[in-house]
Amino acid sequence: MCGIVAYVGQQDALPIIIKGLKRLEYRGYDSAGVALLNPNGLTVYKKKGKVSELENHLLSQENLLSKIGIGHTRWATHGEPNDVNAHPHYSSNDQFAMIHNGIIENYDVLKTDLINKGYKFHSETDSEVFIKFIEDIYANNDCSLEEAVRLALHKVVGAYAIVLMNKEEPDTLIAARKGSPLVIGVGDNEYFLASDATPIIEYTNQVVYLDDYEIAVIRDGKLQIKTIENVETNPYINQLEMELEAIEKGGYEHFMLKEINEQPRSIADCMRGRLDAQNGRLVLGGLRDYMNKFQNADRIIITACGTSWHAGLVAEYLFEEFARIPVEVEYASEFRYRNPVLSDKDFIIAISQSGETADTLAAIELAKSKGATIFGVCNVVGSSIPRTTHAGSYTHAGPEIGVASTKAFTAQISVLTMMALKLGYKRGTLPENRYMQLLSELETIPSKVERALKMNDKIHEIAKEYKDARNFLYLGRGYNFPVALEGALKLKEISYIHAEGYPAAEMKHGPIALIDEEMPVVFIATKDSSYEKVVSNIQEVKARKGKIIAVVTEGDTVVKNMADHVIEIPATEEAFVPLISVIPLQQLSYHIAVMRGCNVDQPRNLAKSVTVE
Ligand code: M6R
């Protein structure tokens, strides 16, 4: 969480930084700030609220021309969102300014020590402690700022991506990372630093991903990278493949709507070059070297958070059905702290859109230390998880900017489905003719998703009726149980309506007590092996006067006679239904949130990439 941007070169830094902060606003939007350096000095400007508030504030300021600058958009951890807690933070003597993304866990001890030495603090942030700690080392060791940073990094505990400016060095930026991402764009005699590549892509497609425990110094147009042990490393330049249009709204009112509608293409992109049903080919490059381990694993453990965890639950059904290997699906935040029993016979799949989720990263480190093989399923190319796992497959959904995950979910399921089919085929648990049949059906999914999207107008009408509901229940069974969880999460995170997902049969063990004429219940009741049972569950809700919104297979006549509203989706193989049945649930939550006047792309209290515990 928190987005950081910095620039040094020959251009005016401020517009580059402001534009970059807007692109990173999905990472946090509690406050924003910049620091600029010119003959008038090193000046910090910061404001509570969105980047647009900062922009308004800057309209009344003078002397903003600067060839170097740093900027920050905050997701508050230590201290409430206000002007003072906003970044950048100054050192006591205003000689240095710093932006920080992450959390310094031992900030309390450091702060007490600094207070005893006479330092004063204005904010409640760990970041102000961090810069003053660096300042103290600088003042007492007669060393360069770069050296002071290096020494400080040996003492701080926690996660950080930082960028510092020094009033005395107008052509120098110093940056470092551990646990929080930092990308350096290499232009023509200019450098762009940011939490991800989106602020950079407009200027250059050459980037260096800083690694943990590395310090980058950009001085006088040159980039030097050293480890915190002071060993120089060779910056490896990667070519970005992202297109600028992929990070713009492209005529849609919200990124979320654009991303929902992009799914036929994003699922096809995910399968492109991997699935060739006609020739019975399914190739996942990342699996090649690890197929043996995968095939012979005693157990598959899937770890993830939020929506990615829901994709993991779908995968549990897929792997167990097709490959007959036991699967456990773990919340990364629980897994990492409960001393799990692991061995080198375990195959771990870590799923993450951002590739930066702190809990998932920690779960990976733990599993790695026990000798397990870790496979990443991530969307953001070059992010931390793909760089720390043994192997992996990208989802290729393209940048997902809306905080509510949509196209990343279906792309994750697409990759996991291909993995399960491949594994089943290789293990002989999935006979060849059935395998071929499934590959052919999988190829039709993008066009079926396209068809499902056409229910949008009807869903818009349903949303009108239920936008003021205070609670919602989402019920599904089998492959549609994780979809029910995902539908409920989508609704609560963007519309702030309380919603719960349950396996439909669990309803009678408690949640049924909630049902009355005020309670909308969304059933995912597609024609599959548990259809008849779900129909009985629908009857139970109807008998108690609950309002029924049912997602059904095209042509269904039974549920149509019971439900208050039906949303039809195309038929497919039971195992592939989640790729389609989630679409109307995404649309329903989107329309309800818009009608309630909520900020769909940047819901309150949330951030796209959760890089703190
Ligand atoms: O980037 P990740 O997939 O690791 O993120 C995990 C969750 O934070 C994320 O899915 C979150 O639940 C979304 N806001 C859901 O829409």
Side-chain angles (χ1 to χ4, degrees), residues 246 259-277 280-287 294 300 302 304 306-319 321-323 327 329 349-355 375-381 385-386 391-400 405-425 430 435-453 479-480 482-483 486 526 569-570 572-583 585-586:
E259 288 155 7
I260 289 173
N261 283 294
E262 271 173 357
Q263 289 175 103
R265 202 186 71 202
S266 54
I267 296 173
D269 285 348
C270 176
M271 295 176 185
R272 179 162 305 119
R274 291 169 165 168
L275 171 63
D276 172 2
R281 274 168 58 84
L282 188 50
V283 184
L284 284 159
L287 261 188
F294 197 24
I300 296 170
I302 300 177
T307 288
S308 300
W309 184 78
H310 295 157
L313 286 181
V314 175
E316 179 177 24
Y317 288 83
L318 289 164
F319 284 120
E321 176 176 351
F322 296 130
V327 180
V329 187
I349 303 176
I351 311 171
S352 174
Q353 187 287 131
S354 62
F375 191 88
V377 175
C378 295
N379 194 37
V380 177
V381 176
I385 293 177
S393 286
Y394 282 116
T395 49
H396 297 307
E400 189 180 67
S405 195
T406 52
K407 64 174 180 172
F409 177 69
T410 46
Q412 288 165 345
I413 297 178
S414 302
V415 168
L416 294 160
T417 304
M418 290 188 280
M419 286 173 72
L421 295 178
K422 182 88 193 179
L423 186 63
Y425 181 59
L430 187 57
Y435 175 68
M436 295 296 283
Q437 212 179 14
L438 287 162
L439 293 193
S440 299
E441 179 58 21
L442 192 56
E443 237 173 28
T444 69
I445 294 296
S447 64
K448 290 187 174 172
V449 168
E450 184 92 63
R451 232 158 78 203
L453 284 165
Y479 280 98
N480 279 324
V483 176
E486 177 59 8
T526 49
I569 58 169
T572 183
E573 283 284 346
E574 180 164 354
F576 304 159
V577 166
L579 288 165
I580 307 177
S581 58
V582 76
I583 305 291
L585 307 190
Q586 296 169 345

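Note that these values count all heavy atoms, side chains included, but never hydrogens, waters or copies made by symmetry. None of the values given here were measured: they were computed from a predicted structure.
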Inset, instruction - To the nearest 0.5 Å, tell me how far Phe409 CZ sits from Leu585 CG. - result: 9.5 Å

Inset, instruction - Using a 4.5 Å cut-off on heavy atoms from C-beta on, say whether the side chain of Pro482 contacts that of Trp309. - result: no

Inset, instruction - Identify the heavy atoms of Cys378 and Gly355 that sit nearest to each other, and give their distance. - result: SG-CA, 4.2 Å

Legend entry - Listed once per pair and sorted, the side chain to side chain donor-acceptor pair (under 3.5 Å) pairs that draw on residues 411-424, sequence neighbours left out: Ser308-Gln412

Inset, instruction - Compare all side-chain heavy atoms of Met419 with those of Leu287 and state whether any distance is below 4.5 angstrom. - result: yes

Inset, instruction - Could you check if a side-chain atom of Pro386 sits within less than 4.5 angstrom of a side-chain atom of Val381, using non-hydrogen atoms only? - result: no

Inset, instruction - Indicate yes or no for a side-chain donor-acceptor contact from Asp276 to the backbone of Leu282 under 3.5 Å, with no hydrogens or angles considered. - result: no

Legend entry - Exam field: side chain Lys407 to backbone Pro399, donor-acceptor pair closer than 3.5 Å: yes

Legend entry - Distance, nearest 0.5 Å, that separates OG of Ser266 from CD1 of Ile260: 11.0 Å

Inset, instruction - Evaluate the criterion side-chain hydrogen bond (donor to acceptor under 3.5 Å, both in side chains) for residue pair Ser405 and Glu400; output intermediate values, then yes/no. - result: CA-CA 7 Å; Ser405 195; Glu400 189 180 67; 2.9 Å; yes

Legend entry - Considering all heavy atoms, the nearest Ala304-Ile351 contact: CB-O, 3.3 Å

Inset, instruction - Report yes if the side chains of His310 and Pro578 come closer than 4.5 Å at any heavy-atom pair, otherwise no. - result: no

Legend entry - Nearest-0.5 Å distance that lies between atom CD1 in Ile580 and atom CG in Leu453: 10.5 Å

Legend entry - Gap separating the CG atom of Leu438 from the CE atom of Met418, nearest 0.5 angstrom: 13.5 Å

Inset, instruction - Nearest 0.5 Å please: distance from the CZ atom of Arg274 over to the CG atom of Asp269. - result: 10.0 Å

Inset, instruction - Please test Thr444 against Glu441 for side chain to side chain contact (heavy atoms under 4.5 Å, CB included), starting from the C-alpha separation and ending with a verdict. - result: CA-CA 5 Å; Thr444 69; Glu441 179 58 21; 3.3 Å; yes

Legend entry - Distance, nearest 0.5 Å, that separates CD1 of Ile267 from CZ of Arg265: 12.0 Å

Inset, instruction - Could you tell me whether the side chain of Tyr394 reaches within less than 4.5 Å of the side chain of Val415, counting heavy atoms only? - result: no

Inset, instruction - Sort out for me which residue in Glu259, Gln263, Glu262 forms a side-chain hydrogen bond (donor to acceptor under 3.5 Å, both in side chains) with Thr410. - result: Gln263

Inset, instruction - Can you sort out the partners of Glu443 under side chain to side chain donor-acceptor pair (under 3.5 Å), two or more places apart, ordered by chain and number? - result: none

Inset, instruction - Please assess Ile300 against Phe294 for the test side chain to side chain contact (heavy atoms under 4.5 Å, CB included), listing each intermediate value before the final yes or no. - result: CA-CA 8 Å; Ile300 296 170; Phe294 197 24; 3.8 Å; yes

Inset, instruction - Name all residues meeting the ring pair (Phe, Tyr, Trp, His ring centres under 6.0 Å) criterion together with Tyr317; count only those two or more places apart in sequence or in a different chain, and write none if there are none. - result: Tyr479

Inset, instruction - Give me the one residue out of Thr406, Leu313, Asn480, Thr307 that meets side chain to side chain contact (heavy atoms under 4.5 Å, CB included) with Glu486. - result: Thr307

Legend entry - Test side chain to side chain contact (heavy atoms under 4.5 Å, CB included) applied to Leu416 and Val314, step by step: CA-CA 9 Å; Leu416 294 160; Val314 175; over 6 Å; no

Legend entry - Passing candidate, side chain to side chain contact (heavy atoms under 4.5 Å, CB included) with Thr572, options Val449, Leu442, Ile445: Ile445

Inset, instruction - Tell me, with the steps shown, if Phe322 and Leu423 meet side chain to side chain contact (heavy atoms under 4.5 Å, CB included). - result: CA-CA 8 Å; Phe322 296 130; Leu423 186 63; over 6 Å; no

